[in-house]
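Here the structure comes first, spelled out in structure tokens, and everything after it is commentary.
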Amino acid sequence: MADFCNHCAAELFGPGTPADIDVFKIFEALKPDYYQSGFICEGCALAAIMKTADGKLKVGYYYFGNEPHKEIEWIDYESKPEITHGI
């Protein structure tokens, strides 16, 4: 079964489509300076969600475009990459 984050669920299936990976729900449950992984969005390859020490939302990717990275790349959720491929 494919899982999609909030952004990808809305982009691929229409506004109001529930997300399998609810970025904001996971973010709210995190303590500052913690992250959660163990999932992957089939639309954009989102692989982790972090609450920074100062309470900001960051999301992590192992893939940008089609180039894999050995280390996770943390960016602001608003700056997430365009959906360019599925996993």
Side-chain angles (χ1 to χ4, degrees):
M1 182 176 149
D3 291 329
F4 297 95
C5 70
N6 302 72
H7 175 79
C8 293
E11 285 285 317
L12 295 170
F13 306 110
T17 303
D20 305 297
I21 304 165
D22 191 327
V23 172
F24 303 107
K25 185 176 180 180
I26 294 169
F27 170 76
E28 289 299 323
L30 290 170
K31 295 178 184 178
D33 215 19
Y34 279 77
Y35 74 92
Q36 181 175 333
S37 61
F39 47 80
I40 190 156
C41 176
E42 297 286 337
C44 67
L46 177 136
I49 299 164
M50 174 194 288
K51 184 181 280 188
T52 64
D54 58 353
K56 296 188 192 251
L57 169 62
K58 296 279 186 178
V59 290
Y61 296 88
Y62 286 109
Y63 290 88
F64 283 99
N66 290 321
E67 297 181 33
H69 296 272
K70 290 184 181 185
E71 303 264 337
I72 200 162
E73 297 273 340
W74 293 101
I75 63 170
D76 293 326
Y77 191 55
E78 297 79 31
S79 304
K80 70 191 292 348
E82 293 298 317
I83 302 168
T84 57
H85 68 287
I87 300 302

Are any non-hydrogen side-chain atoms of Leu30 and Gln36 less than 4.5 angstrom apart?
yes

Any non-hydrogen side-chain atom of Leu46 less than 4.5 Å from a side-chain atom of Ile40?
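The answer is no; the side chains never approach within 4.5 Å.
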
For Phe39, does the CZ atom have more than 12 heavy-atom neighbours from other residues, nucleotides or ligands under 6.0 Å away?
yes

Least distance between heavy atoms, Glu28 atom then Lys51 atom:
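Result for this residue pair: O-NZ, 3.7 Å.
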
Over all atoms of both residues, closest heavy-atom pair of Cys5 and Cys41:
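Nearest heavy atoms, Cys5 then Cys41: N-SG, 3.3 Å.
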
Hey, which of Val23, Ile21, Thr17 is the one that makes side chain to side chain contact (heavy atoms under 4.5 Å, CB included) with Asn6?
Val23

Quick test of your reading of the model: are Lys58 and Asp76 salt-bridged, counting only N-O distances below 4.0 Å?
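Asp76 and Lys58: salt-bridged.
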
As an exercise, state the distance from CZ of Phe27 to CD1 of Ile49, rounded to the nearest 0.5 Å.
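Reported value, rounded in 0.5 Å steps: 10.0 Å.
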
Between the CZ atom in Phe4 and the CD atom in Glu42, the distance rounded to the nearest 0.5 Å is 6.0 Å

May I ask you to check whether Tyr35 and Trp74 place their ring centres under 6.0 Å from each other?
yes

